[in-house]
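Let me begin by presenting the structure, written as structure tokens, before commenting on it.
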Amino acid sequence: LKSYGFIITYQSPDRFSIMVEGPAYLVEKLFNTQLGLYKSYNGEIYYAPVNTPKIPSFLSNTLIFGLNNYTSFVAPHIVAGKIINRLFVPNTSSKFYNLYMKKNQLAGSFTYYTPGDFEGAYNVTNIMKYSNKSTIAIIDAYGDPLIYQDVQTFDSMFGLPQANLTVIPIGPYHPSLGVFTGWYVETALDVEAAQSMAPYAHIYLVVASNSANALFEAVDYVVSEDLANVVSMSWGAPENTIALTGFYTSNPLYTEYQFNLGYAYADYYFALGSAEGISFFASSGDEGAYDATPILNGAVLFPSTSPFVTAVGGTSLFVNVTSGYLSYMNSSGTYGYENAWSVSPLYGSSEVGSTGGYSSLIPKPWYQIGVVNGTYRAVPDVAADANPYNGFVEIVMGSTMVIGGTSLASPLWAGVVADIDGYLNTSLGLLNPILYKIYENKTLYDMAFHKITFGYNGYYLATSGYN
């Protein structure tokens, strides 16, 4: 590839894959194709081959991906606003503000929580000290150029120990791109939420150089290096679009199904990581049952639908404050009540709420048999606070923000499991079989979980059974 003019930007630890870059004309020449620019249904511009690429003989029996960027993974978070001098200032560029609150001249009622509130509400105060035996890998794209400063400010503000944080780039590292793409908010949120639950864990921030194929490489890296015992992935793409991520192969056994190879590639590493004892968590999404797609079929997000990943949905959490004041950001509390993070006209859209439903590709895994209806994988498996009206206080680029979304819920769960791993002095690995066994035992379930019986995500209603 170097002889063709390409630059090698990354090689995986297992030496199974490399990332290269070069101008478009070199790509077109190597794969005997042309790259065209197209506009998607929602107006986004993307590139893709105008005809099926021809893989040269020296790359036969390999997977080629990254030849189009039609499907980039998105980070499901919602910025509710900023806190300036203890006053909440709504984010006037947000969807629900412009479409409903501004139009109808309504005031918003926002509650925001800090680490002390979450620690008490989710009952980890007495086991957080064991997180020093655990490691958490946060997989994000692009990064936050001020991540170390942001986390240091966050720790100082809320009395947390200095974070044990290591940044690992996958490919070229240009965190300033995180500002232009919005991933800087996601990056700071993930690290700070995970540390809130597991303040002594070693956190590896694995930063992919783009929000498409490089995220697959990041998963490969974490598993190949056996980097951490818990992984949080606050990103995803609807199943009905991820198959267009541009996987190609010349292997005749797979060419007919090459558009589905993205699933196979990722699931190989999720399965391998589970065997190593790694627990994977992924956000289920923030846009209700349809997740910005016109039909239910294929609307749920991958990688949350992987059978080797614990899908994390969203709730609205209400904390009983036992000391301090929420508005002063010095409160702590205990669990009060939760309902499903539901669609609401306050968001100005019927597609803002916890994403959940059934996979259109992944069969029902063994641990869901007898628990959920249908023959396909159901998500989510668990949930945590995600409603931006009950958001999380984070520090990003030096500003104090309030943020919600299942991007918050995933690292919260990752931190909780890091505490449990440390307490048990083990790595639980794939958590789902354990979760569903607990669900089937009422005594254990009532001891371990809070039952969610109220809520609506645009199609599915919360009930006393599986939601």
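Below, all heavy atoms of this structure are taken into account, side chains as well, without hydrogens, waters or symmetry copies. Small disclaimer: the values here were computed from a predicted structure and weren't measured.
A donor-acceptor contact shorter than 3.5 Å is absent between the side chain of Asp155 and the backbone of Leu160. The main-chain N or O of Ser284 is never found under 3.5 Å from a side-chain atom of Ser304 such that the two would form a donor-acceptor pair. Looking at Asn432, its side chain does come within 3.5 Å of a backbone N or O of Val309 through a donor-acceptor pair. Looking at Ser464, its side chain never comes within 3.5 Å of a backbone N or O of Thr453 through a donor-acceptor pair. Of the possible donor and acceptor atoms, none in the side chain of Trp341 sits under 3.5 Å from a partner among the backbone N and O of Asp385.
Under 3.5 Å, the side chains of Asp220 and Tyr269 contain a donor-acceptor pair of N or O atoms. No side-chain N or O of Asp421 forms a donor-acceptor pair with one of Ser134 less than 3.5 Å apart. Defined by atom type and a distance below 3.5 Å, a donor-acceptor pair is present between the side-chain atoms of Glu239 and Ser359. Using modelled atom types and a 3.5 Å distance limit, the side chains of His77 and Ser234 yield no donor-acceptor pair. A donor and an acceptor atom, one from each side chain of Ser332 and Ser323, are located under 3.5 Å apart. With hydrogens and angles left out, the side-chain atoms of Thr111 and Asn390 include no donor and acceptor closer than 3.5 Å. No hydrogens or angles considered: nothing links the side chains of Tyr130 and Asn425 as a donor-acceptor pair under 3.5 Å. Between the side chains of Asp117 and Ser331, at least one donor N or O lies within less than 3.5 Å of an accepting N or O. Using modelled atom types and a 3.5 Å distance limit, the side chains of Ser410 and Ser232 yield a donor-acceptor pair. At a cut-off of 3.5 Å, with distance as the only test, no side-chain donor of Asp150 or Thr153 sits close to an acceptor on the other residue.
Looking at heavy atoms from C-beta onward, Lys82 lies in side-chain contact with Met401 at the 4.5 angstrom threshold. Using a 4.5 Å cut-off on side-chain heavy atoms (C-beta onward), Lys451 and Tyr445 make contact. Between Gln195 and Phe158 there is no side-chain heavy-atom pair separated by less than 4.5 Å.
The aromatic rings of Phe270 and Phe280 sit perpendicular, their planes meeting at an angle over 60°, well past the 30° parallel limit. In this pair, His450 and Tyr335 present their aromatic rings parallel. The plane angle is below 30°, not in the 30 to 60° band. Using a 30° and 60° split on the angle between ring planes, Tyr113 and Phe118 fall in the perpendicular class, above 60°. Using cut-offs of 30° and 60° for the angle between ring planes, the Phe308 and Trp366 rings count as tilted.
Counting heavy atoms of neighbouring residues, nucleotides and ligands inside a 6.0 Å radius, atom OH of Tyr466 exceeds 12 of them. Counting non-hydrogen atoms of neighbouring residues, nucleotides and ligands closer than 6.0 angstrom, the OH atom of Tyr173 exceeds 12 such neighbours. In Gln152, the CD atom is not crowded: 12 or fewer heavy atoms of neighbouring residues, nucleotides or ligands sit closer than 6.0 Å.
Of the options Val151, Asp144, Val167, a side-chain contact (heavy atoms from CB on, under 4.5 Å) to Val191 is made by Val151 and by none of the others. Applying the side-chain contact (heavy atoms from CB on, under 4.5 Å) test between Val223 and each of Val231, Leu272, Asp14 identifies Leu272 as the sole match.
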* Given Asp381 and Gln368, is the side-chain contact (heavy atoms from CB on, under 4.5 Å) satisfied, shown in steps? -> CA-CA 10 Å; Asp381 301 298; Gln368 289 191 326; 3.6 Å; yes
Notebook entry, point to check: Hey, mind stepping through Ile83 and Val402 against side-chain contact (heavy atoms from CB on, under 4.5 Å) and telling me if it holds?
Noted result: CA-CA 7 Å; Ile83 299 175; Val402 177; 3.7 Å; yes
Requested in this report: Decide yes or no on side-chain contact (heavy atoms from CB on, under 4.5 Å) for Ser211 and Trp235, but give the supporting numbers first.
Outcome: CA-CA 9 Å; Ser211 58; Trp235 41 269; over 6 Å; no
inquiry  = Before you tell me yes or no, could you show the steps for Ser306 and Asp267 under side chain to side chain donor-acceptor pair (under 3.5 Å), namely the whole-Å CA-CA distance, both residues' side-chain angles and the distance that decides it to 0.1 Å?
reply    = CA-CA 7 Å; Ser306 168; Asp267 263 353; 2.5 Å; yes
Q | Tyr221 vs Tyr204, side-chain contact (heavy atoms from CB on, under 4.5 Å): CA-CA, chis, key distance, verdict | A | CA-CA 12 Å; Tyr221 179 89; Tyr204 292 97; over 6 Å; no
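Ring to ring, Tyr358 and Tyr376 are not that close: their centroids are 6.0 angstrom or more apart. Side-chain rings of Tyr439 and Tyr367 stay apart, their centers remaining 6.0 Å or farther from each other.
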